[in-house]
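First up is the structure itself, then whatever we jot down about it.
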Amino acid sequence: MKKIKYIIISALMLQLFGCKTDTKNADNGQLNVVTTTTMITDLLQNIGGNAINVVGLMGSGVDPHLYKASEGDVSKLVNADVVFYGGLHLEGKLVEVFEKMEKTGKKAIAVSNALDKKELIGSEYFASNYDPHIWFNVTFWKQITTYVTNELKKADPQNASVFEKNSNKYLEDLTKLDAEVRAKINELPKDKRILVTAHDAFNYFGNTYGFNVVGLQGISTATEAGVQDVQELSKFIIDNKVKAIFVESSVPKRTIEALQASVKSKHHDVAIGGTLYSDALGDKGSVEGTYIGMFKYNVTTIVNALK
Ligand SMILES: [Zn+2]
């Protein structure tokens with residue numbers, strides 16, 4: 001495996017840095033944009049519309065913390081005019097590739113560049129020292145929308161007015177989303193705003209919308225939850241009369257099921273309130289397959305289960 005990885009990386013570096021290809025791809029005349037997570041893919045599709053070609057590396061249900069580049073990904077990256085990724089070590093196994101791309105002038109842009117570091121939540125779990133789950137603050141996502149729009153305009157000035165128009169419409173939709181989310185959360189009494197999930201993806205969500213967020217697995221799925229964590233958290237659930245805990249679509253169920261079993265062993269009950277989309281959107285074509293649909297679905301699921 002090591003050897004294959006080495007060959008892929010070498011081939012990628014050779015192709016990326018061997019020649020300069022900053023002109024638009026010739027096959028269809030459209031800007032070729034490659035993205036990592038489904039949230040970023042959805043954002044680029046909203047801003048770019050039909051004017052650009054967007055290729056997402058990760059599908060629904062894929063965990064970005066553990067994702068490794070395949071050979072197919074390498075050729076997609078090589079053919080890209082611009083690459084957008086999350087940054088802050090969200091894509092832990094791809095960091096090296098993107099940083100090298102950036103340094104050598106091949107456009108690889110971390111969307112987290114849009115944000116002021118002072119507004120970010122610190123984290124010892126990531127080499128970046130920041131929590132990378134920035135999409136769970138709609139205001140951040142709006143700032144990222146504006147940043148990405150400007151980068152697209154630079155990469156493809158001919159379509160600047162298209163990007164601008166799409167972006168303005170999308171920013172309005174995000175403003176509406178934020179208001180809807182806040183209204184829904186207001187249905188839930190403040191003392192019931194406790195969100196227990198498999199991993200700590202929801203800290204920005206908690207900060208922004210007033211939830212106490214507790215993740216079983218730490219902030220990255222790369223570290224497993226231990227017996228001690230399960231015991232402590234089950235006690236917390238009982239003490240705080242938490243009605244429901246949540247599974248995540250991109251993290252195996254077993255950690256949350258172990259937590260539920262631990263609560264039961266102490267003669268208490270906690271429901272599994274549903275599956276939340278944390279690090280990946282739902283299936284393509286479904287409502288939850290868009291950022292806005294995912295956000296509304298998560299909030300409805302959380303509020304209804306904790307009420
Ligand atoms: Zn995560």
Side-chain angles (χ1 to χ4, degrees), residues 35-43 56-69 84-98 110-115 117 119-138 140-141 144 195-209 211-226 229-230 233 245-259 272-283 288-291 294-295 297-299 301-302:
T35 52
T36 55
T37 66
T38 45
M39 289 72 76
I40 302 171
T41 305
D42 178 63
L43 179 64
L57 297 182
M58 302 176 197
S60 65
V62 172
D63 181 342
H65 305 299
L66 305 178
Y67 188 86
K68 289 180 189 147
F84 287 98
Y85 65 104
L88 304 173
H89 284 232
L90 170 69
E91 303 93 341
K93 315 269 184 211
L94 303 179
V95 169
E96 211 181 313
V97 173
F98 294 139
V111 301
S112 55
N113 289 346
L115 307 176
K117 288 267 195 312
E119 308 229 12
L120 300 179
I121 298 172
S123 168
E124 63 195 83
Y125 292 100
F126 288 87
S128 66
N129 292 321
Y130 294 105
D131 180 340
H133 302 89
I134 48 181
W135 53 96
F136 282 123
N137 175 334
V138 176
F140 283 177
W141 209 238
I144 288 168
L195 181 59
V196 180
T197 60
H199 89 299
D200 270 344
F202 293 93
N203 289 319
Y204 290 103
F205 177 83
N207 267 11
T208 312
Y209 303 104
F211 275 80
N212 181 7
V213 175
V214 191
L216 181 58
Q217 211 174 355
I219 208 160
S220 166
T221 52
T223 50
E224 286 267 339
D229 302 321
V230 172
L233 195 46
I245 56 179
F246 300 88
V247 177
E248 291 170 47
S249 66
S250 53
V251 183
K253 268 185 186 172
R254 61 174 186 275
T255 50
I256 280 298
E257 285 170 347
L259 183 58
I272 292 186
T275 301
L276 304 180
Y277 295 98
S278 52
D279 291 3
L281 302 176
D283 289 334
E288 297 82 29
T290 67
Y291 172 83
M294 171 280 288
F295 218 112
Y297 171 88
N298 276 356
V299 170
T301 303
I302 292 166

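Counting starts at 1 for both ligands and their atoms, following the listed order.
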Note to self: Let's go through D63 and S250 carefully: what are the C-alpha distance in whole Å and the side-chain angles of both, what is the deciding distance for side chain to side chain donor-acceptor pair (under 3.5 Å) to 0.1 Å, and is it a yes or a no?
What the structure shows: CA-CA 5 Å; D63 181 342; S250 53; 5.6 Å; no
Next item on the list: Give the minimum heavy-atom separation between E248 and A201, together with the two atoms involved.
Entry: OE1-CB, 4.3 Å
Item checked: Opening angle between NE2 in H199 and NE2 in H65, taken at the Zn ion (ligand 1), to 10 degrees -> 120°
Check: Between Y204 and F140, is the ring centre distance below 6.0 Å?
Finding: yes
Notebook entry, point to check: Checking only N/O/S atoms, does D279 have one that is under 2.8 Å from the Zn ion (ligand 1)?
Noted result: yes
Next item on the list: Restricting to N/O/S, name the atom of H133 that gets closest to the Zn ion (ligand 1).
Entry: NE2
Checklist line | Given V62, L90, D279, L281, the one that forms side chain to side chain contact (heavy atoms under 4.5 Å, CB included) with T37 | finding: L90
